[in-house]
Amino acid sequence: MEFYIRPIEIGDGKGINELRRMPGVFENILGIPSEQLKRNEDFIANLDANQHQFVAVARSQDGQEVIIGHAGLTVYPNQRMRHSGGIGIMIHKDYQNQGVGSALLGRLVDIADNWLMLVRIELTVFADNARAIHLYERFGFEKEGVKRLAAIRNGKYEDEYLMARINRSNYNSQS
């Protein structure tokens with residue numbers, strides 16, 4: 001399967017909205033099936049310098065771009081937390097376990113480490129999402145704690161893990 005990664009663009013709202021409402025995706029990203037397109041379009045239109053957003057794109061049979069993944073890194077704007085950021089990622093249900101998540105996460109880690117010199121990047125993940133947890137661990141994320149009853153999914157309160165990746169080389173270079 002061929003795909004490429006590029007920065008998010010105005011006009012990507014529809015593809016991102018389709019991902020955020022897709023069964024097999026929305027349950028694990030705090031999405032909701034009724035999410036409106038305008039929310040995603042507004043999100044893209046209001047990105048600031050602290051937000052680094054990418055999409056994974058494949059081509060359909062007729063050559064049209066299809067967004068198959070989205071990932072973002074937000075550098076925390078609080079002056080005392082500017083060494084850290086949070087990430088989010090989602091992959092189209094038909095393209096999971098095919099390298100899309102690894103490619104997107106790799107892009108975020110590269111920006112965090114080599115261009116922003118972040119020391120800490122963090123995320124939350126449902127405690128039973130073994131595939132996502134495995135992906136994050138491959139990139140050096142470690143579980144730091146459990147957020148009990150953190151979010152609603154399928155009519156039940158579910159736990160999430162807080163995971164973080166510490167880049168000690170960026171930390172040590174500041175000493």
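Residue Asn17 forms a side-chain hydrogen bond (donor to acceptor under 3.5 Å, both in side chains) with just one option from Lys14, Arg20, Arg21, and that option is Arg21. Checking Val100, Asn28, Leu19, Leu30 one by one against Met90, the side-chain contact (heavy atoms from CB on, under 4.5 Å) holds for a single residue, Leu19.
By the 4.5 Å heavy-atom criterion applied to side chains, Val146 and Glu160 are not counted as neighbours. The shortest distance between side-chain heavy atoms of Leu116 and Leu73 falls below 4.5 Å. Two residues are said to be in side-chain contact when any heavy atoms from C-beta on lie closer than 4.5 Å; Ile152 and Tyr157 meet this criterion. Counting heavy atoms from C-beta outward, Val125 and Met163 have side chains that approach closer than 4.5 Å. At least one side-chain heavy atom of Tyr161 sits less than 4.5 Å from a side-chain heavy atom of Lys143. Side-chain contact check for Ile89 versus Leu123: every heavy-atom pair is 4.5 Å or farther apart.
Of the possible polar contacts, one joining the Gln96 side chain to the Ile91 backbone as a donor-acceptor pair under 3.5 Å is found. Judged by distance alone, with hydrogens and angles left aside, the side-chain atoms of Ser102 form no donor-acceptor pair with the main-chain N or O of Gly99 at under 3.5 Å. With hydrogens and angles disregarded, no donor-acceptor distance shorter than 3.5 Å links the side chain of Glu137 to the backbone of His134. A donor-acceptor contact shorter than 3.5 Å links the side chain of Asn46 to the backbone of Asp42.
Considering OG1 of Thr74 and CD of Gln51, their distance stands at 4.5 Å, rounded to 0.5 Å. With rounding to the nearest 0.5 angstrom, the NZ atom of Lys156 is 11.0 Å from the CG atom of Leu149. For the atom pair Leu104 CG and Leu135 CG, the distance stands at 9.5 Å (nearest 0.5 Å).
Contact record, Gly63 with Arg59: O-NH1, 2.9 Å, taken as the closest heavy-atom pair. Minimum heavy-atom separation, Phe3 to Ala56: CD1-CB, 4.2 Å.
Annotation: ring pair (Phe, Tyr, Trp, His ring centres under 6.0 Å) contacts involving residues 95-124, sequence neighbours excluded, comprise His92-Tyr95. For residues 86-112, no residue pair satisfies the salt bridge (Lys or Arg N to Asp or Glu O under 4.0 Å) rule, not counting sequence neighbours.
Side-chain heavy atoms closer than 4.5 Å link hydrophobic residues (I, L, V, M, F, W, Y) into clusters, and following such links, possibly through other members, connects Phe54 to Leu118. In terms of hydrophobic clustering, with Ile, Leu, Val, Met, Phe, Trp and Tyr side chains grouped at heavy-atom distances under 4.5 Å, Leu162 and Phe139 are assigned to different clusters. Note: the hydrophobic cluster containing Leu108 also contains Ile133 (ILVMFWY, side chain heavy atoms under 4.5 Å, direct or indirect links).
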Output, in order, the C-alpha distance, side-chain angles, deciding distance and verdict of side-chain hydrogen bond (donor to acceptor under 3.5 Å, both in side chains) for Asn40 and Glu35. CA-CA 9 Å; Asn40 303 115; Glu35 186 167 295; 3.0 Å; yes

Stepwise side chain to side chain contact (heavy atoms under 4.5 Å, CB included) test for Tyr136 and Leu105: CA-CA 8 Å; Tyr136 303 140; Leu105 190 54; 3.8 Å; yes

Determine, stepwise, if the pair Asp128 / Arg153 fulfils side chain to side chain contact (heavy atoms under 4.5 Å, CB included). CA-CA 12 Å; Asp128 63 353; Arg153 182 176 60 179; 2.7 Å; yes

Expected list for residues 64-72: side-chain donor-acceptor pairs under 3.5 angstrom, two or more places apart:
residue : atom : partner : partner atom : Å
Glu65   : OE1  : Arg6    : NH2          : 3.0
Glu65   : OE2  : Tyr4    : OH           : 2.2
His70   : NE2  : Gln53   : OE1          : 2.7

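Considering only residues two or more places apart in sequence or on other chains, Arg165 meets the side chain to side chain contact (heavy atoms under 4.5 Å, CB included) condition with Val109, Asp113, Ile121, Phe141, Asn167. Residues satisfying the side chain to side chain contact (heavy atoms under 4.5 Å, CB included) test with Ile44, not counting sequence neighbours, are Ile8, Ile10, Asp12, Ile16. For the salt bridge (charged side-chain N to carboxylate O under 4.0 Å, His left out) test, residues two or more places apart in sequence or in another chain that qualify with Glu144 are Arg120.
A cation-pi arrangement is absent between Arg82 and Tyr76, since the terminal nitrogen or guanidinium carbon is not both under 6.0 Å from the aromatic centre and inside a 45° cone about the axis.
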